[in-house]
A.B. asks: 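Before I ask anything, let me first share the structure, which is written out below as structure tokens.
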Amino acid sequence: MSRVRTRPTRDDTREKLFEAAAQVFEERGIGAASIEMIAAAAGFTRGAFYSNFESKDDLIVAMLEDHVERSLQHHRRLLERHLNPTDFVAALRATERSRQDPLGRAPLLHMELILFVARSEKRRPELAQRLRARRKLVADIVTATTRETAGGEVRNPAWASSMLLALEDGFRLHRLIDPDSTPADSFFRAVGELQKLVE
């Protein structure tokens with residue numbers, strides 16, 4: 001009986017290329033990483049890379065988009081089950097470390113890729129679009145969860161969203177630079193303090 005060989009799907013191939021790229025970028029740096037290195041680390045040919053991405057820049061933008069999309073889906077699923085703000089933050093805190101995507105596991109690389117794309121005037125609008133999607137989702141979460149508290153209502157959810165994301169990014173950067181004085185749960189602790197102020 002002959003075995004049926006199945007070819008990897010496009011999604012499988014892209015996921016393997018994302019994982020391989022993250023590994024090569026961390027080992028070699030973004031500038032020194034070549035398409036050949038990334039394809040080889042994924043177990044593919046150059047042709048397989050180019051059938052999915054036009055360039056290394058295209059791959060990087062796709063990695064960032066994939067990371068944001070996974071994050072958006074994760075937050076939406078949590079919001080469906082946890083409308084109370086305290087419960088939502090607790091659920092987010094409990095699942096934060098189990099991210100499946102390579103950028104969720106590598107915050108320094110995530111920041112490096114963001115800066116890499118931000119330096120490109122041509123690609124920056126794509127990054128801005130993903131940032132707006134994150135802001136919109138956080139604004140929706142703020143609106144939905146504050147409705148559950150007694151008389152809770154945020155006057156400007158979009159601005160609250162921007163502040164929360166800036167707070168998260170700031171603590172992430174501080175943790176990368178000085179982990180000894182920046183606990184891993186700094187962002188969640190800060191959100192807890194903010195919740196007390198609005199209760």
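What you see is a predicted model, and the numbers here were worked out from it, not measured in a lab. Numbering starts at 1 and runs along the sequence shown.
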A.B. asks: Before you tell me yes or no, could you show the steps for T143 and D140 under side chain to side chain donor-acceptor pair (under 3.5 Å), namely the whole-Å CA-CA distance, both residues' side-chain angles and the distance that decides it to 0.1 Å?
C.D. replies: CA-CA 5 Å; T143 300; D140 290 346; 5.5 Å; no
A.B. asks: State whether the side chain of K56 and the backbone N or O of A33 hold a donor-acceptor pair below 3.5 Å, judged by distance alone.
C.D. replies: yes
A.B. asks: Measuring from F25:CZ to F116:CZ, what's the distance to the nearest 0.5 Å?
C.D. replies: 7.5 Å
A.B. asks: Which value, rounded to the nearest 0.5 Å, describes the distance between M37 atom CE and R28 atom CZ?
C.D. replies: 4.0 Å
A.B. asks: Could I get the full list of side chain to side chain donor-acceptor pair (under 3.5 Å) partners for D178, not counting sequence neighbours?
C.D. replies: S181
A.B. asks: Are any side-chain N or O atoms of H74 and backbone N or O atoms of R70, one a donor and one an acceptor, separated by less than 3.5 Å?
C.D. replies: no
A.B. asks: What's the separation between atom CD in E80 and atom CG in L78, rounded to the nearest 0.5 Å?
C.D. replies: 9.5 Å
A.B. asks: Between R123 and V117 (side chain of the first, backbone of the second, donor and acceptor by atom type, cut-off under 3.5 Å), is there such a pair?
C.D. replies: no
A.B. asks: Take the angle between the ring planes of H174 and F171 and call it parallel below 30°, perpendicular above 60°, tilted in between.
C.D. replies: perpendicular
A.B. asks: If I take atom CG from residue N52 and atom CZ from residue F18, how far apart are they, to the nearest 0.5 angstrom?
C.D. replies: 8.5 Å
A.B. asks: Kindly write out the residues that satisfy side-chain contact (heavy atoms from CB on, under 4.5 Å) with I114, not counting sequence neighbours, or none if the list is empty.
C.D. replies: L64, H110, L127
A.B. asks: Go through E193 and R189 one step at a time and tell me if the salt bridge (charged side-chain N to carboxylate O under 4.0 Å, His left out) criterion holds.
C.D. replies: CA-CA 6 Å; E193 292 300 315; R189 286 164 63 179; over 6 Å; no
A.B. asks: Measuring from L92:CG to H75:NE2, what's the distance to the nearest 0.5 Å?
C.D. replies: 4.5 Å
A.B. asks: Any salt bridge between E26 and R105, counting N to O under 4.0 Å?
C.D. replies: no
A.B. asks: Assess the side chains of S55 and D58: does a donor N or O sit below 3.5 Å from an acceptor N or O?
C.D. replies: no
A.B. asks: Please round to the nearest 0.5 Å and tell me the distance separating atom CZ of F187 and atom CZ of R93.
C.D. replies: 11.0 Å
A.B. asks: Pairs under 3.5 angstrom only: tabulate donor-acceptor contacts from the side chains of residues 155-163 to other protein residues two or more places apart or in another chain.
C.D. replies:
from, atom 1, to, atom 2, distance (Å)
N156, OD1, A158, N, 3.4
N156, OD1, W159, N, 3.1
S161, OG, R135, O, 2.6
S162, OG, A158, O, 3.3

A.B. asks: Near Q73 CD, under 6.0 Å, is it more than 12 heavy atoms from other residues, nucleotides or ligands?
C.D. replies: yes
